[in-house]
Amino acid sequence: MTLRTSHVPRALFAAALGIAVLVGFAGHTFAQGAAGPIALGTPTPMADFKMTTTAGKEVTLAGLKGKKGTLVVFTCNTCPYAKGWEERIVAIGNKAADRGVGMIAINSNDPDRVPGDAMSAMQDRAKQRGIKFAYAADPAGDVARAFGASHTPEAFLFDGEGKLVYHGSIDDNVDDPRAVKQTYLANAVADLSSGKAQRMAETKAIGCGIKFRQKAAS
Amino acid sequence: MIPPGRPPEAPRAPRARDAHRARRALVFAVATLCAVIVVACGENHGAREGTAPLSAGMSGPIDSSRVVMLPVAPDSIASLVRAVGGKATLVSVWASWCEPCRMEFPGVVRLAHAYKDRGLRVIFISADLTDDLPAARKFLAEEGVEWTTYYKRGDDTAFMNALEPRWTGAIPGSFLYDQDGKLRDFWEGAMNYEGFEQRVLPVLSPSPRGSQ
């Protein structure tokens, strides 16, 4: 059973809709980050939780932490917004280490629901885009749930003490990089790195809902 | 529109009746010709401006040139919601690539038709990026949406705050306003027809027993 997020031929969509009806698309919503994102100042959730990266390494948020802090971006291969911002995320992430900030991109989509977000596809993507930071899988969505992350891309920046100092978007124009006026995430990393107060600690963006693995008990 | 209780036409003299028949035949012929021209124009030319009447689904070939999508900036949201009129306004933020959005979409269209006469207005706002707008138009045409819809432009933070600051940005996002433009309900994630109906009905016709 597959639910793809990219352009779907109508026949495939009809089939997916049929399957969804069969499995009980009745009155419940797909959004599971209903509790909302963690608040500013919150310590890094699941800091010791092990995740596997596209390089085949096991990493933890605590282990990746830089002197100045840690940048966590929930993203994926398949969402148009994640793809629209992808080059900018990679540019910020590849420079983060130089600023003393550890960087990890986490893909929390359930690969059973979104085959394009399986580890092999993530590995291809990491190579294609020249990703130098950790790109890790969270197939059960545990990390995203702990963060209260709901969509991709969604950024969380923690300071050297592991407290959340920035949450939100990449910048103010996913559609046109040349029209960007506010480079929110780059500013946040720069402010953190240079020890300044965050000029804008929370921003928002529309994105693709994270395709969480459905929990049997919920 | 024929007003109820319209009095029957008065009897006419034979000559007047013939003239009336001839006039009706002429009107019918002109109307038929106009209809043919309108259909032909609709198939060959661009989108119509303004709103079109709701019709119960599409028949015939899909024609996305009939779909009307207008850009909407964050500072226009409040006036858009207020200006629509009616007893309740449902804003649905969706995108052509969003699977849950596509799943719930037919139910929302059905809801718009079913409760239009009771004062429900449905405003679709697409979150599609520029490259995906053709796909959005095609989808709207396939779903038979013949009224004006919108696509988001401008800063997401401002756009989201204009609809509801608690919204995380996950789509589909649904926002239900009452006749005063006050937000009465909002939720994220796909909902089926019955779910929408349950949430919309209390706003359309407030019950003394309370909502839910």
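A, B, ... follow the sequence lines: proteins, then strands. Residue 1 opens every chain. Keep in mind that what you see is a predicted model, and the values were worked out from it rather than measured. Values below: every heavy atom of this structure, side chains too, minus hydrogens, waters and symmetry copies.
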Please tell me whether Cys79(A) and Cys76(A) are bridged, where bridged means their SG atoms are separated by under 2.5 Å. no
Below 4.5 Å from any heavy atom of chain A, which atoms of Phe159(B) appear? Answer side chain, backbone, both or neither. side chain
Which heavy atom of Ile206(A) sits nearest a heavy atom of Ala127(B), and at what distance? CG2-CB, 4.0 Å
When the 4.5 angstrom heavy-atom criterion is applied to Thr203(A) and chain B, the contacting part is both
Is the Trp187(B) to Phe196(B) ring centre distance short of 6.0 Å? yes
Is the Phe105(B)-Phe124(B) ring centre distance short of 6.0 angstrom? yes
Does any heavy atom of chain A fall under 4.5 Å from the side chain of Pro165(B), the backbone, both, or neither of them? both
